[in-house]
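Reviewing the structure listed below.
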Amino acid sequence: MKIIEINNLTKTYNKGKVIALDNINLAVEESEIFGLIGPDGAGKTTLFRLLTTLLTPDKGNAKVLGYDIVEDFEAIRESVGYMPGRFSLYSDLTVKENLQFFATLFDTTIEENYHLIKDIYEQIEPFKNRRAGNLSGGMKQKLALSCALIHKPKLLFLDEPTTGIDPVSRVDLWNMLKKLGREGITIFVSTPYMDEATKCDRIAFIDNGHILNIESPENIITNYKQNLFAVKSEKTYLLLKALEKFPKTINSYAFGEYAHVVLNGDENQLKEYLVQNDFKEIDIKKIDPNIEDCFIEEIRVISQHNRGINEA
Amino acid sequence: MHHKKKNNTKIFKQFGAFIRKEFYHVFRDKRTLLVMFALPAVQILLFGFALTNELKNANIMVVNQASSIESKEITDKIEASPFFTIKMAEHNAENVETYIKQGKIKAVVIFPENFGRATGKDNTVQLITEGTDPNIAKTIINYINAIIGDYQLTELNKNGTKMPFTIDVEVAMLYNPELNGSMMFIPGVIAMVMMIVCTTLTAVSVVREKEFGSFEVLLVSPLRPILVLISKALPYFVLSFANLIIILLMSKYILGVPLKGSVFLLMAESMLFILTCLTFGLLFSSIAETQAVAMLLSMMGMLLPTILFTGFIFPLENMPTFYQWLANIVPAKWYFIVVKDIMLKGVGFASIWKETAILGGMTITLTALSLLKFKKRMQ
């Protein structure tokens with residue numbers, strides 16, 4: 001049985017004026033960490049709310065743990081764990097009280113499933129009598145995760161669990177998720193950070209309400225067929241402008257101190273062009289793509305495809 | 001059967017945890033506590049004391065058109081009392097209204113031309129009071145009446161059993177002919193305070209969860225949505241009831257408002273009214289998405305009509321028919337009648353069953369409505 005199965009799911013807002021999700025299809029296997037990767041406003045939270053039965057779709061259907069998201073919403077609510085994007089615990093309750101409340105709500109006790117949350121909870125335990133509102137961002141997320149996990153759900157929905165927290169806590173949280181995956185808990189997680197995609201078993205790129213590609217991070221990188229270069233010079237802004245004008249450029253964008261450029265040619269042609277245009281200290285190297293390069297390439301292909309349709 | 005029993009204990013536990021959480025919210029939020037307990041106390045004291053001010057040295061005017069011995073004697077008696085200061089004494093009543101308007105005097109005592117023993121048995125003293133402050137006006141009337149009554153009694157004693165003549169006091173009130181008694185305010189304030197506390201706080205406490213996102217988590221949990229509503233309402237029911245007892249104790253022992261009727265009947269009726277207010281709060285919470293909106297809704301939707309249409313500040317009888325009709329859908333109007341009748345008149349259930357039925361009907365309708373409006377989802 002697929003843990004999540006989505007068929008042609010469409011969701012619009014404002015009476016159809018805003019298309020949040022357009023004909024989505026995807027399936028999630030048992031005990032995998034499935035990542036939904038996309039920028040803000042791509043439709044990630046909408047998809048979470050549909051799957052957690054908080055919203056109903058306009059078209060299509062989806063099954064979560066074999067239950068229909070519209071018909072059997074009560075059964076789904078009984079059995080999944082959900083952590084919304086916003087911090088959603090009670091800031092005027094202490095750490096311990098929050099955890100206790102959610103344990104009772106799900107008809108369990110902290111002791112019963114302590115082994116699941118042990119790793120993260122140990123880190124916040126010194127502050128267990130502190131009000132949740134006075135915790136740091138990372139601590140809050142760890143507490144929220146503990147609360148979502150306390151009833152040992154078969155499936156865990158985590159909507160941007162790492163947004164707004166420090167890099168160290170992000171690593172902590174991902175290590176936690178890996179461990180939960182080994183416990184047999186399926187995790188459906190979203191993130192706007194491309195670098196976190198590699199921590200998932202499989203990822204789906206989502207942009208503007210469309211799912212672009214569903215693959216394992218390794219395969220996504222292997223499947224990248226373009227010639228990708230990292231370019232640097234003394235004039236970064238002008239360099240980006242010049243790269244856009246270069247006839248052999250397929251795509252170019254800033255990436256840290258470098259510019260990444262997808263070329264329909266080799267690096268010598270590019271170097272020649274840049275020298276002609278008075279650029280100095282030129283540094284060009286062929287690189288392997290990272291997940292973000294793959295994502296940008298996917299978007300380029302899709303928009304080119306759409307332009308083709310529009311022009312035809 | 002066994003499964004069902006287990007299910008029941010589960011619901012009971014969830015319920016208990018939820019209610020404990022609600023009490024934490026209330027007792028840890030200073031603002032809520034302030035609104036809940038300090039505000040009612042302050043309002044009761046403010047309204048109560050502002051309106052039951054003792055009368056001392058009120059400026060009055062005497063218009064003596066008679067110049068008889070009797071008029072002189074009564075004027076002296078009034079002057080001698082600690083309650084009045086005769087600010088002006090004139091022989092005609094031309095400027096009376098101007099003085100009252102200017103606020104120079106609170107009341108005017110007029111002895112007509114033919115006042116006095118010589119003119120016969122029936123004599124009338126005219127008393128004009130300024131009615132914008134009904135309490136003071138009422139006190140003045142009582143005191144002047146008492147002074148004149150006392151004067152008559154002395155005269156009676158002087159003359160043995162034969163009363164030489166009688167004096168009537170003819171009262172006219174300017175600016176507020178419908179005299180509102182001071183005691184009437186307390187039941188009104190009770191109704192208003194209950195409305196603020198129950199409706200606003202319940203609405204805000206539900207909407208706060210929506211705003212902070214915890215409502216999403218509660219929805220995606222095994223907790224039945226109806227249980228969320230009950231769990232939200234119950235703590236506020238208990239707190240409101242505690243509040244009511246404090247208010248009633250304060251009214252009785254600090255302000256001296258009598259409680260003539262049955263305490264139990266008053267409590268039972270108050271519980272019903274608290275329920276009505278709670279259901280209003282729940283209804284508003286299903287409409288509002290932010291705390292600010294919830295607050296506005298309950299203030300505009302409840303507080304304003306309560307002040308305007310309950311009849312304790314602005315007499316309903318003087319309002320246009322449309323407003324009188326509108327007042328009927330304001331629950332506080334009915335509760336005000338009930339409290340007034342029980343506290344001040346001391347009536348039993350037989351006299352207020354109609355108001356009780358109306359409040360009950362409203363509660364049932366509102367409960368049904370808020371259950372219907374309660375969203376099991378987010379959209």
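Order of the sequence lines fixes the chain letters, A, B, ..., with proteins taken first and strands second; residue numbering starts at 1 for each chain.
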With chain A, the option among B:Leu219, B:Leu218, B:Asp29, B:Leu227 that has the most non-hydrogen atom pairs under 4.5 Å is B:Leu219

Any chance NZ of A:Lys178 has more than 12 other-residue heavy atoms, nucleotides or ligands included, within less than 6.0 Å? yes

Do the ring centers of A:Phe101 and B:Phe18 come within less than 6.0 Å of each other? yes

Close side-chain approach of B:His25 to A:Leu93, heavy-atom, < 4.5 Å: yes

So for atom CE, which belongs to B:Met295, do other residues, nucleotides or ligands contribute more than 12 heavy atoms lying within a distance under 6.0 Å? no

Chain A interface, residue from B:Glu209, B:Arg20, B:Arg28, B:Arg208 that has the most non-hydrogen pairs under 4.5 Å: B:Arg28

Just verifying a value: how many Å separate B:Phe212 CZ and A:Asp92 CG, rounded to the nearest 0.5 Å? 8.5 Å

Engaged part of A:Phe73 at the chain B interface, taking heavy atoms whose separation is under 4.5 Å: side chain

Roughly how far, to the nearest 0.5 Å, is CZ of B:Phe15 from OG1 of A:Thr104? 14.5 Å

If I compare all heavy atoms of A:Pro84 with all of B:Gly213, which pair ends up nearest, and what's the gap? CG-O, 4.2 Å

At a heavy-atom separation under 4.5 Å, does B:Arg224 approach chain A through its side chain, its backbone, both, or neither? side chain

Under 4.5 Å, counting heavy-atom pairs only, tell me which of A:Glu74, A:Arg131, A:Arg77 racks up the most with chain B. A:Arg77

Check B:Lys21 with A:Glu97, please: is the shortest side-chain N to carboxylate O separation under 4.0 Å? no

To the nearest 0.5 Å, what is the distance between OG on B:Ser221 and CZ on A:Phe102? 8.0 Å

